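Quick notes on the structure that follows.
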Amino acid sequence: MENATKCIHAGYQPKNGESRMIPIIQSTTFKYDTSEDMGKLFDLEASGYFYTRLQNPTNDMVAGKICALEGGTAAMLTSSGQAANFFATFNIAQNGDHIVASSSIYGGTFNLFNVTMRKMGVDFTFISPDASDEEIQAAFKPNTKAVFGETIANPALTIFDIERWAKIAHKNGVPLIVDNTFATPINCRPFEWGADIVTHSTTKYLDGHDATVGGCIVDSGKFDWMAHAEKFPGLCTPDESYHGITYATKFGKEGAFITKCTAQLMRDFGSIQAPMNAYLLNLGIESLPVRIKQHCANGQAVAEFLASHKNVAWVNYPGLKGNKYYELAQKYMPNGTCGVVSFGVKGGRKTAEKFMKNLKLAMIATHVADARTCVLHPASATHRQLTDEELVACGVGPDMVRFSCGIEATEDILADLKQALEAI
Ligand SMILES: *Cc1c(COP(=O)(O)O)cnc(C)c1O
C-alpha cells in the first residue's frame, strides 16, 4: 500500500457499525471484570489498557499509522518531540553510557543532550554530519550505546547521510536513531537506509496546522539486541519491576524497544500525549502527502526566486542545484526535501529586521513547518543573547532569515517576498 493510502487508512479499521473516524478515548482508566485480568496487564502477560499515563487506545491507533508510514514494527506517541528524543536515547543509554550524535541537530535536542542528559550521567560526542568515516569511528568508546542524527537538520538544513552513518553504527554494534521530523515519511523513510529507530516532533508537518505539540518513536524491529546483549542490559536482562521478564526475549526484536520504553519510561515520566491531541494529529496526517507536495513546491520556488534576487546575499536550500547537500538530498529525498529555506539579506542585521517588518503574508513566529508561511530572524529572536561573532560561530549569521513556506499559493508567497525585498 502506498503511503498516501496509509495516511488515510492505517492504524484504525472500523468494524461493522463503528465510527469511521478514530474514536477519542478520553478516559484515564479502563475497567476489568476481575483482578486477575488486570494483574496480567501489570505483569505484561497480556496486552491491554489500564491507565492512560502509560498507554491509550486513541494514541496507539495514531502511533500505528505513523509506524505503518515509516515501515516499522512498533511505535508510541509522546507528549512532544523533546520527550520522543529523550525516551529514544534514554531507553538504551543510562548513567555511565555514551552516545555519538551529529552536531547538526535541532537546538532543543542539542540542549537536551549536552546539558540535561549530561546531568543524568549520559555522555555525548558531537560530530559534524560531514565528518569522514574515520573521524566518526574515532568518536566511539567502549560505552557507546547509540548514534543519533537528523534527516534534514533544523535549522541548518544539512542532510544526514543515513546509509553511511548506519553502517558505522552497526559495525560498532549499536543502533542508529534518526529524527525524521523535517523530511516526514512521505519524503524519506530512514529504515530503508539502515536506521533502526526513528523519532518525530509531530508538532511540525505531521500535525501541520499549528494545533498540537507531540512526538513519536518508531522501531524498525531490525536491531538484534541479544546479539549485543552485554551493551544493552536494560533490554537483555530481567526487569525486576516486572517480575523478571526480559524484554528482548519476551517481545523479540520487533517489540522489545517500544515495550520497555512504555513500561518503564512512560510509566515513570508520564510524558503521554492527550488523546484529543492524538485525534487532531491524525487529522493532520490524513492530508500529509497533499500538503507536503505544496510545502516542497513552495520551498523550491522561494529558494529559486531568492537565489536570483539582487538584495539577497545567499540562499540555503538542499533542493537548490549547487547546494552542498543537493546530491545527498536527491539520493534520500528525490521527491522533495521540506518547505524551510534559509537565506541572508544583503546589508546584515538592520536590513534583515527591516525586510521582516515589510512582510505581510508571512507571519513572524518561532514555529516552522506548518500550513501558514512564517518567518524568523534568529539573531533577534531565538539567538538574541549572542554577539555577532558568537552568531557566526554557531552557524546563525546576523543576516540569516529562516523562512518556512506554508501551503498558500506560490504566487502569493513570492509576491510577498518580492515587495518586502524591494522596500528595503
Ligand atoms: C521541533 C523539533 C523537535 C522538538 O519537538 P517539540 O515537539 O517542539 O518538543 C525535535 N526535533 C526537530 C527536528 C524539531 O524540529
Side-chain angles (χ1 to χ4, degrees), residues 59 62-63 66 70 75-90 99 101-117 124 126 129 148-160 162 176-188 190 195 197-218 265-266 269-274 277-278 280-281 284-285 288 292 295 299 318 325 332-333 337-342 365-370 374 376 378 381-383 395-396 402-406:
N59 292 11
V62 182
I66 300 172
E70 289 288 3
M76 66 197 280
L77 295 189
T78 56
S79 55
S80 66
Q82 287 297 109
N85 283 328
F86 172 50
F87 280 18
T89 47
F90 199 62
I99 292 174
S102 162
S103 58
S104 189
I105 52 175
Y106 175 65
T109 311
F110 182 74
N111 208 62
L112 166 70
F113 290 173
N114 194 47
V115 180
T116 302
M117 285 183 71
F124 287 83
F126 296 97
F148 183 95
E150 263 172 44
T151 319
I152 308 173
N154 173 16
L157 303 177
T158 54
I159 305 288
F160 190 61
I162 303 170
L176 173 65
I177 305 171
V178 172
D179 181 330
N180 197 31
T181 298
F182 263 31
T184 84
I186 301 304
N187 282 344
C188 180
I197 310 285
V198 156
T199 60
H200 282 282
S201 165
T202 61
T203 316
K204 313 293 164 53
Y205 290 120
L206 291 191
D207 165 17
H209 295 81
D210 220 343
T212 62
V213 172
C216 186
I217 308 171
V218 189
L265 300 185
M266 200 54 103
F269 291 108
S271 311
I272 197 81
Q273 188 165 137
N277 283 3
L280 291 170
L281 168 60
I285 297 172
L288 182 66
I292 284 292
H295 281 296
Y325 296 97
Y332 291 108
M333 289 155 262
T337 52
C338 65
V340 182
V341 180
S342 64
T366 38
H367 198 41
V368 281
D370 72 68
C374 57
L376 181 75
T382 47
H383 295 64
V396 177
R402 185 180 72 180
F403 196 85
S404 172
C405 297

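Both ligands and their constituent atoms are indexed starting at 1 by order of listing. Being a predicted model, the structure only gives us computed values, none of them experimental.
- Closest non-hydrogen pair, Thr199 versus Asp179, comes out as OG1-CA, 3.2 Å.
- In this structure, the side chain to side chain donor-acceptor pair (under 3.5 Å) partners of Asn180, at least two apart in sequence or on a different chain, are Glu70, Thr151.
- Every protein residue with a heavy atom nearer than 4.0 Å to ligand 1 is included here: Ser80, Gly81, Gln82, Asn85, Tyr106, Thr109, Glu150, Asn154, Asp179, Thr181, Phe182, Ser201, Thr203, Lys204, Val213, Gly214.
- For Asn114, the side chain to side chain donor-acceptor pair (under 3.5 Å) partners at least two apart in sequence or on another chain are Arg118.
- Side-chain contact, Asp207 with Thr202: no donor N or O sits under 3.5 Å from an acceptor N or O.
- If you run ring-ring contact (aromatic ring centres under 6.0 Å, His included) between Phe110 and each of Phe126, Phe148, Phe124, only Phe126 comes through.
- Annotation: side chain to side chain donor-acceptor pair (under 3.5 Å) contacts of Ser102 (sequence neighbours excluded): none.
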